[in-house]
Amino acid sequence: MLFYNKKFLILPNAESSHMQFIIKLIKKNGGAIVKWAPDVMKVIDRSSIVLINDSYVDSNNKLKQYDIFKRELRPWLVTDWEKVVDYRLNCVNIKKIHTWLDNGNFKITSNDLIETISVENSGKRVLDSQNELELSSNKRLKQNEMIIDNNDNPIENKSNSGESTNPKRTEIKSVTSDTNDIRDNKFLADALQILSKRCGLKGEKFRARSYQLAADSILKAQFAIKSGHQAQKNMMHIGPSISRKIDILLKEGTLPGLSVKSEKDDNIAYFMGCHNIGIGLAKKWELLKIKTFKEALEKQPTDFQTTWPTLFGISYYEDWSRPIMREECEEHLKTVQDELRLIDKDCKVELQGSYRRGAKTCGDIDLLFYKEGCDDIAQLGKVIEDLAISLYERNYVQCFLLSSSKIANIFDDKINERYKVAGIERKYRKSNETIKKLFLGVKLPNRNTDSLKLDPKMKLKDDDLFLSLNSKAGESVCRRMDFFLSRWSELGACRIQYTGSTDYNRKMKIIAMNKSMKISPHGLFKDDVLLESFDERKIFDILNIKYVEPEQRVNTVTLLPDKIK
DNA sequence: GGGCCAATACTG
DNA sequence: CAGTAT
DNA sequence: GCCC
């Protein structure tokens with residue numbers, strides 16, 4: 001067992017078939033492959049070995065073609081790569097595997113070590129493990145954890161007599177692992193996630209959700225999964241079908257057709273990457289053999305003639321799928337705050353969404369506006385409308401995705417310009433007078449962005465570039481910003497809603513339902529009687545959920561009770 | 001077999 | 001109402 | 001696809 005007790009990471013990715021071959025060699029000789037996933041830094045240590053693809057190593061054992069190397073890294077993992085550099089982990093050419101095997105001797109000399117260059121001098125970055133990394137875009141996949149007091153579950157609700165111990169807890173401990181590694185669970189979860197995505201593209205959203213929930217509970221499992229039966233017995237969201245698939249995955253290492261990519265799925269995914277294009281339109285266009293937005297405009301102009309936000313969705317397709325560093329979010333907040341002070345000095349604004357959950361990168365910027373003592377949404381609506389218009393005139397707001405008659409007055413020109421470029425007729429629709437929220441595209445003035453690379457899957461096709469307003473290298477990137485309003489009396493409920501995550505909110509709502517209550521941004525209700533809406537903590541209290549800070553309200557890997565059987 | 005989070009805004 | 005968004 |  002040449003590689004016994006050794007952990008290997010493969011970079012920039014381990015997806016090629018040659019890499020699969022090497023992985024098999026390593027495993028056969030007792031080594032462990034660390035999956036290059038968002039939580040990778042929790043798994044590896046200083047003795048871990050980083051194997052770098054030969055194509056990126058030159059004859060002097062230095063990294064070469066660094067740009068391409070970085071591009072091959074999943075974009076949301078670039079910061080983890082920086083940590084590899086910071087930690088000075090041992091990096092060697094992956095070819096060394098063969099040398100070691102040939103010599104029957106595992107040894108790294110200083111000559112073998114690859115020189116890693118420092119990536120960015122962002123000295124303020126903290127090496128904590130509590131980071132949340134998210135994909136951008138509105139249809140993002142998330143995999144994280146949420147902590148809800150486990151004294152709340154339907155079973156206890158039915159018989160809320162004696163205090164019960166949690167049988168699941170002890171059971172987990174008794175199933176402790178043997179030879180398998182808990183980290184191998186990640187492999188199963190990854191496979192299920194691919195299936196989830198695939199179902200999502202087909203529009204089978206509940207099936208997709210099932211796979212996602214199954215993947216999440218596998219990720220949170222405290223023991224190594226050794227069989228489908230074991231998983232089904234001990235965990236939520238794993239039924240007969242997924243149980244069978246787990247067995248196949250454990251035995252064969254893959255599932256039939258798992259890695260087969262379909263062009264159809266790719267096309268649908270391409271369209272759905274655009275704001276305002278959902279599964280319905282995407283499928284329709286795919287059915288019509290449409291491959292690009294250009295073709296869609298030609299063949300289906302009616303799908304655009306009133307929905308001008310779609311045109312901006314195409315125009316900013318790439319910019320809007322780039323992750324945003326949280327530091328940039330803070331700059332945006334400041335910009336908005338400065339302008340807000342001029343319009344209504346009593347109105348307050350704060351960041352919500354993934355920023356408030358402590359994410360290092362965010363998909364968009366969610367801002368919540370409120371004013372002490374003010375429950376008048378119409379009044380607040382006017383404030384954010386004026387605010388957005390001022391910011392538009394100052395060239396900070398680039399576009400609106402919701403409108404009002406007042407906004408239409410100043411913004412119609414830009415809409416018409418887009419229609420002209422798109423080459424289709426616009427059909428007008430009447431605008432509303434009042435506003436309750438706004439969706440915007442915004443840009444910081446002359447800011448040299450951005451260390452965060454665009455996911456190659458999110459590139460506009462060449463045929464669609466004629467509509468692009470995306471930033472070029474070195475230019476400021478357009479970001480999606482949402483304005484939401486809260487009545488003063490409902491601030492707590494609103495903060496819960498807009499802080500999320502979506503999955504956290506879902507579970508919270510299920511808990512409320514199980515107590516015959518309901519929760520919305522307007523508050524926590526029982527029989528339509530308001531129980532609480534102002535105080536975030538009180539809402540948690542009444543629901544009998546332990547209050548957790550936003551950082552812990554990330555999704556799915558939950559402390560809700562597991563299946564009790 | 002029915003439901004899978006709730007509420008709200010906007011359009012065809 | 002169905003679809004897309006938050 | 002899973003849960004009730």
Side-chain angles (χ1 to χ4, degrees), chain A residues 137-140 153-155 158 192 195-196 198-200 202-217 231-232 235-246 271-272 274-284 300-310 312-313 320 352-353 363-368 377 381 400-404 427-440 480-485 490 493-494 496-498 500-514 517-525 555 563-565:
Chain A
S137 100
N138 302 321
K139 306 101 190 184
R140 56 206 141 190
N153 67 63
I155 290 172
K158 275 177 212 147
L192 294 177
L195 294 176
S196 169
R198 197 171 282 176
C199 292
K202 277 197 282 210
E204 300 173 335
K205 68 169 174 169
F206 292 114
R207 192 172 287 175
R209 177 138 181 84
S210 278
Y211 278 122
Q212 184 61 51
L213 289 170
D216 291 338
S217 46
Q232 183 173 2
M235 288 154 52
M236 274 292 266
H237 309 300
I238 302 207
S241 168
I242 291 179
S243 166
R244 276 196 304 278
K245 290 186 166 71
I246 288 176
F271 293 136
M272 290 217 293
C274 173
H275 178 92
N276 230 12
I277 303 301
I279 187 73
L281 271 179
K283 273 167 91 171
K284 185 172 109 186
Q300 300 290 120
T302 50
D303 288 341
F304 300 86
Q305 61 190 8
T306 61
T307 55
W308 49 268
T310 310
F312 289 94
W320 288 351
Q352 301 287 313
D364 60 5
I365 303 159
D366 298 320
L367 294 179
L368 185 62
I377 290 293
F400 296 83
L401 298 169
L402 290 176
S403 194
S404 69
K427 208 161 128 185
Y428 284 84
R429 67 182 186 206
K430 62 173 190 302
S431 342
N432 8 341
E433 293 308 314
T434 61
I435 259 199
K436 294 182 175 161
K437 56 184 172 188
L438 277 176
F439 307 149
L440 311 165
R480 277 284 288 103
M481 178 176 275
D482 297 331
F483 285 2
F484 301 112
L485 301 180
E490 295 172 352
C494 271
I496 289 175
Q497 165 78 194
Y498 293 118
S501 69
T502 310
D503 276 358
Y504 195 87
N505 289 352
R506 282 187 181 191
K507 299 227 162 143
M508 211 173 199
K509 279 168 198 208
I510 290 173
I511 289 168
M513 284 194 303
N514 288 338
M517 297 185 240
K518 63 176 184 181
I519 184 169
S520 79
H522 296 304
L524 179 63
F525 297 83
N555 64 340
K563 187 185 290 192
I564 298 170
K565 276 191 180 170

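Below, read A as the first sequence line, B as the second, and so on, with proteins coming before strands; counting in each chain starts at 1.
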Spacing of the P atoms in B/dG3 and C/dC1 (rounded, Å): 16 Å
Name the nucleic acid region contacted by A/F439, choosing base, sugar-phosphate or nothing; use a 4.0 angstrom heavy-atom cut-off, strictly under. sugar-phosphate
Kindly point out which of B/dA7, C/dA5, D/dG1 is positioned nearest to the side chain of A/S520? B/dA7
Rounded to the nearest angstrom, tell me the gap between atom OH in A/Y498 and atom P in B/dT8. 10 Å
By the 4.0 Å heavy-atom rule, please label A/I279 as base, sugar-phosphate, or nothing. sugar-phosphate
Ring-plane angle category for A/Y498 and A/F484, please: parallel below 30°, perpendicular beyond 60°, tilted otherwise. parallel
Using whole Å, what does the distance between atom P of nucleotide C/dA2 and atom NZ of A/K205 come to? 12 Å
Whole angstrom is fine here: how far is it from NZ in A/K518 over to P in B/dA7? 5 Å
Work out how far the C1' atom of D/dC3 is from that of B/dC5, and round it to whole angstrom. 16 Å
Not counting sequence neighbours, which residues clear side chain to side chain contact (heavy atoms under 4.5 Å, CB included) with A/S520? List them please. A/H522, A/F525
Among all residues two or more places apart in sequence or in another chain, which pass the side chain to side chain contact (heavy atoms under 4.5 Å, CB included) test with A/L281? A/I277, A/K284, A/W285, A/D303
Starting from P on B/dT8, measure out to CG on A/L402 and report it in whole angstrom. 16 Å
Proximity to the side chain of A/F206 - top-ranked nucleotide from C/dT4, B/dA7, B/dC4: B/dC4
With a 4.0 Å cut-off on N to O distance, would you call A/D503 and A/R209 a salt bridge? yes
Grab the two heavy atoms, one from A/Y211 and one from A/L195, that are nearest each other, plus how far apart they are. CE2-CD1, 3.7 Å
Look at all strands and tell whether A/Q497 reaches a base, only sugar-phosphate, or nothing, counting heavy atoms closer than 4.0 Å. base
For C/dA5, take OP1 and OP2 only and decide whether either is under 4.0 Å from a side-chain N or O of A/K437. no
Rounded to the nearest angstrom, tell me the gap between atom CZ in A/F271 and atom P in C/dT4. 13 Å
Presence of A/R480 side-chain N/O under 4.0 Å of C/dT6 phosphate oxygens OP1/OP2: yes
Side chain of A/H275: nearest nucleotide among C/dA5, B/dC5, D/dG1? C/dA5
How close or far is atom C1' of C/dA5 from atom CZ of A/F484, stated in whole angstroms? 10 Å
Short side-chain N/O contact from A/H522 to OP1 or OP2 of B/dT8, under 4.0 Å: yes
Rounded to whole Å, how long is the line connecting atom OH of A/Y211 with atom C1' of D/dC3? 16 Å
How would you label the contact of A/P240 with the nucleic acid (heavy atoms, under 4.0 Å): base, sugar-phosphate, or nothing? sugar-phosphate
If you only use heavy atoms from C-beta on, which nucleotide in D/dG1, B/dA7, B/dC5 is closest to the side chain of A/I242? D/dG1
Neighbour count above 12 (heavy atom, 6.0 Å) for A/K436 NZ: no
Under 4.0 Å between a side-chain N/O of A/K436 and OP1 or OP2 of B/dA9, yes or no? yes
When you compare C/dA2 with B/dC4, how far apart are their P atoms, in angstrom units rounded to a whole number? 16 Å
Taking atom P of B/dA7 as reference, at what distance in whole Å does atom CZ of A/R506 sit? 15 Å
